Amino acid sequence: MLDIKTIRENPEIIKEKLIQRNENTETIEKIYELDKRRLELIHKTETLKEERNKVTDEIAVMKRNKEDATERIAEMKKVSDNIKSLDEELKKYDGDIDLLLKYVPNIPHDSVPFGKSEKDNVEIKVSGEKKGFDFKVKDHVQLGKDLDILDFERGAKISGSGFALYKGKGAGLERALINFMLDEQGKNGYREVLTPVLVTRESMEAAEKVPKFEEDMYYMEKDNMFAIPTAEVSILNIHRNEILKQEDLPVKYCGFTNCFRREAGSYGKDTKGFLRVHQFNKVELINFCSPEESYSEMEKMLSHACGILDKLGLHYRIIELCTADIGFAASKCYDIEVWSYAEDKWLETSSVSNCTDFQSRRAMVRYKKQLENNKTKTEFVHILNGSGLATSRLMVALLESNQTKEGNINVPDVLRRYTGFDII
RNA sequence: AGAGAGAUGGCUGAGCGGUUGAAAGCGGCGGUCUUGAAAACCGUUGUGGCCUCACGGUCACCGGGGGUUCGAAUCCCUCUCUCUCUGCCA
């Protein structure tokens, strides 16, 4: 969430930034007004509380001296009732403001290119070139079927459309990819974690996924729990309500999990095979760092994600998202897309975001900052997340790119020690 | 799932409903002593909101949320979590 203080002090700047994101400014105006009234209430109720505290002490003294205090007590009863009703009103304001705040996105960084839609995203790098195939390429669904390594029909039988069944060397390849990516990110300084995939509402709120995106989440009503859409949620919550040490920053984690997405509202889009599934596998990178270093850390994370694709020898590009397209919690975002020969288009396989203090403010992840005068200040960390990487669309590109004329798949060199086989 | 015990400041651990924002110890920081260090001694040591240019003032916070009361860390309800015992289970 945004800092209410920033909204209070610079509402115009915030509004301007939100307009860049194609957001309306009504919510901010509403928050601004409610906050003003809220402050007035705080003054009123705190003045009364001050009085009550003073008189209450007097009553204590009188009681000790065995004096009669009934008059003062009666007086304070009135004051207390007054406080109670003011506090109730105040609580309503708090709730209203907080609810509105939950729907206001992070503000874009100054470096983010302005745009009105995803069409205005900026391609900043293309790595490698398209291979020339001297035969007609098969798509991943066909390859998976012919080689009997992917079974979307049976996946659908088990769980409905959008669920994949990996078989034999397909399952082995997936497992190899995950292990390979975890090892690589470990070398990049990320500590591996294996987290829960079912999380509480509180954890989802801390990650700013709920309530705004509640419809996109699998939710278990009986236990009030959500299936995570990304390991970002569980890893971020490792340090919820904690104060980190400055010398430990940046704190970096990588973790593999299944990811679950309802993909509500995207029916009929990219329905084929792995292009859009309800459950996929992903190695996630999370970085808790100081505000000073978050944008440089972001560049490093981008290179860590790209490193996987480099080693796998895949053709990919990096896109910098424009103001209209960056995610809700992000102030800046890069997407990495791999080339699909069969689909003849780019597929998003990673997204690296700097969420600045947007999530840490709600999740209360802070660090003690050493100041020059030997004092310390507790400050919110910046939280970055990046996929390193998601396997489903990666698998599409991997299978297609490495297919042979005979319809087999050559396993990339770097994966062979993980798979134990070099051809499918 | 059933029975019981518990949750207090960075940690350990006190706390008859009224000078308790919270004893004591440890740790941390500053100082004295020392060639230096240790020990010893002295001092200091939570977070957040609001007002103030500032000094400072004030409010809130003893797992979360309610309640009783003039007044709650302390009493009541509820939720969560941890531990012990029983049951079930990968």
Side-chain angles (χ1 to χ4, degrees), chain A residues 1-10 31-99 101 194-206 210 220-226 234 237-249 251 258 357 360-381:
Chain A
M1 64 174 162
L2 291 183
D3 186 1
I4 184 75
K5 238 186 218 170
T6 315
I7 296 174
R8 187 184 300 152
E9 284 160 12
N10 301 302
I31 291 172
Y32 183 80
E33 287 306 319
L34 287 172
D35 177 60
K36 227 160 76 179
R37 303 231 289 278
R38 180 176 156 270
L39 283 188
E40 286 165 17
L41 268 176
I42 287 176
H43 284 292
K44 267 196 217 168
T45 181
E46 289 200 350
T47 309
L48 288 177
K49 279 180 186 170
E50 187 178 350
E51 188 193 346
R52 183 181 66 184
N53 287 345
K54 283 202 177 111
V55 177
T56 288
D57 284 347
E58 285 171 32
I59 292 171
V61 173
M62 291 169 86
K63 289 257 181 187
R64 224 173 294 140
N65 297 340
K66 306 263 193 264
E67 290 171 40
D68 179 36
T70 48
E71 207 173 298
R72 310 242 70 185
I73 287 174
E75 226 175 277
M76 281 310 102
K77 189 170 175 57
K78 273 189 204 140
V79 173
S80 261
D81 286 346
N82 210 341
I83 290 173
K84 205 183 225 174
S85 69
L86 284 174
D87 271 348
E88 253 164 55
E89 204 180 334
L90 185 60
K91 216 163 150 190
K92 244 197 82 202
Y93 276 91
D94 284 341
D96 289 350
I97 290 170
D98 193 52
L99 185 64
L101 227 35
L194 186 60
T195 67
V197 295
L198 258 36
V199 301
T200 58
R201 178 175 291 275
E202 205 181 353
S203 289
M204 284 296 250
E205 283 184 351
V210 153
M220 276 133 278
E221 196 173 4
K222 203 166 178 180
D223 298 290
N224 193 20
M225 291 186 97
F226 293 87
S234 19
N237 276 282
I238 291 173
H239 292 301
R240 171 153 51 92
N241 287 330
E242 288 186 18
I243 296 175
L244 305 175
K245 289 187 188 140
Q246 186 172 20
E247 61 265 31
D248 291 341
L249 302 183
V251 175
N258 300 303
D357 56 2
S360 60
R361 184 170 295 107
R362 180 148 323 262
M364 288 293 279
V365 186
R366 296 172 295 172
Y367 76 106
K368 272 228 191 298
K369 184 181 187 174
Q370 197 58 239
L371 299 178
E372 282 184 15
N373 53 0
N374 212 8
K375 292 203 168 127
T376 58
K377 187 178 178 244
T378 312
E379 203 168 68
F380 292 112
V381 298

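Predicted, not measured: the structure shown is a model, and the values here were computed from it. Here is the naming used below: chain letters follow the sequence lines, and residue numbers restart at 1 for every chain.
- A donor atom on one side chain and an acceptor atom on the other are not found under 3.5 Å apart for A/Ser360 and A/Arg366.
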Exercise for the section: Could you run through nucleotides 67-75 of chain B and give me one letter per nucleotide, 5' to 3': B if any protein heavy atom sits under 4.0 Å from the base, S if only the sugar-phosphate is that close, - if neither? Expected result: -S-BS----

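- Between B/U44 and B/C81, the two P atoms lie 42 Å apart (nearest whole Å).
- Nucleotide B/G49 holds its C1' atom 14 Å from the CD atom of A/Glu9, rounded to whole Å.
- Across all strands shown, A/Arg38 has no heavy atoms under 4.0 Å from either base or sugar-phosphate atoms.
- Minimum atom distance to the side chain of A/Lys49 is reached by B/A60, of the listed B/C51, B/A60, B/G18.
- Spacing of P atoms, B/G36 relative to B/C26, comes out at 25 Å, to the nearest Å.
- In this structure, A/Glu40 places its CD atom 11 Å from P of B/C51, rounding to the nearest Å.
- Base pairing of B/G36: no nucleotide in any strand meets the Watson-Crick or G-U wobble criterion (both distances under 3.5 Å).
- Distance check: A/Asp3 CG to A/Asn10 CG gives 10.5 Å after rounding to the nearest 0.5 Å.
- Among the atoms of the strands shown, none is found under 4.0 Å from any heavy atom of A/Lys54.
- Every side chain to side chain contact (heavy atoms under 4.5 Å, CB included) that A/Thr195 has, sequence neighbours left out, goes to A/Val193, A/Ser234, A/Ile235, A/Thr257.
- Rounded to whole Å, the separation between the C1' atoms of B/U8 and B/U12 comes to 12 Å.
- For the P atoms, the distance from B/A54 to B/U68 is 39 Å, rounded to whole Å.
- Along RNA chain B, the nucleotide nearest to A/Ile4 and the one nearest to A/Val61 differ in position, and the one closer to the 5' end is contacted by A/Val61.
- Contact annotation for A/Thr378: backbone-only contact, meaning every heavy-atom pair under 4.0 Å involves sugar-phosphate atoms and none involves a base.
- Taking atom CG of A/Asn224 as the reference point, atom P of B/U80 lies 11 Å away to the nearest angstrom.
- Nucleotide B/A22 forms no Watson-Crick or G-U wobble pair with any nucleotide shown, as no partner meets the under 3.5 Å limit on both distances.
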Please list, pair by pair, any protein nitrogen or oxygen found under 3.5 Å from a nitrogen or oxygen in nucleotides 7-10 of chain B.
none

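- Nucleotide B/G28 holds its P atom 16 Å from the NZ atom of A/Lys368, rounded to whole Å.
- Atom pair A/Lys245:NZ and B/G28:P shows a separation of 12 Å (rounding to whole Å applied).
- With respect to the salt-bridge test (charged N to carboxylate O, under 4.0 angstrom), the residues A/Arg362 and A/Asp98 qualify.
- B/A72 and B/C16: their C1' atoms are spaced 14 Å apart (whole Å).
- Between the P atoms of B/G65 and B/G57, the separation comes to 28 Å (whole Å).
- Ion pairing of A/Lys54 with A/Glu50 is present here, as a side-chain N (NZ or NE/NH1/NH2) and a carboxylate O approach within less than 4.0 Å.
- Rounded to an integer number of Å, the gap from CD of A/Glu242 to P of B/U47 is 17 Å.
- A/Tyr93 and A/Arg37 are linked by a side-chain donor-acceptor pair at a separation below 3.5 angstrom, with hydrogens and angles left out of the test.
- With rounding to whole Å, A/Met364 atom CE is found 8 Å from B/G48 atom P.
- Atom NE2 of A/His43 and atom CG of A/Leu86 lie 13.0 Å apart (nearest 0.5 Å).
- B/G10 and B/G64 are spaced 13 Å apart, taking the P atom of each and rounding to whole Å.
- In this structure, A/Lys36 NZ and A/Arg8 CZ are separated by 12.0 Å, a value rounded to the nearest 0.5 Å.
- In the set B/C50, B/G66, B/G18, the nucleotide with an atom closest to the side chain of A/Leu39 is B/C50.
- Candidate nucleotides B/A60, B/G48, B/C50 were compared by shortest atom distance to the side chain of A/Asn53, and B/A60 ranks first.
- Here CG of A/Leu99 is found 11.0 Å from CD1 of A/Ile97. Values are rounded to the nearest 0.5 Å.
- OP1 or OP2 of B/C50 sits under 4.0 Å from a side-chain N or O of A/Arg8.
- Figure legend. B/G43 is base-paired to B/C29; pairs are counted as Watson-Crick or G-U wobble with both atom distances under 3.5 Å.
- Note that CG of A/Leu90 and CD of A/Glu40 are 12.0 Å apart. Values are rounded to the nearest 0.5 Å.
- In this structure, the separation between CG on A/Asp357 and CE on A/Met1 is 10.0 Å, given to the nearest 0.5 Å.
- Here the P atom of nucleotide B/G49 and the CG atom of A/Asp98 are 15 Å apart, to the nearest Å.
- Spacing of C1' atoms, B/G27 relative to B/G46, comes out at 14 Å, to the nearest Å.
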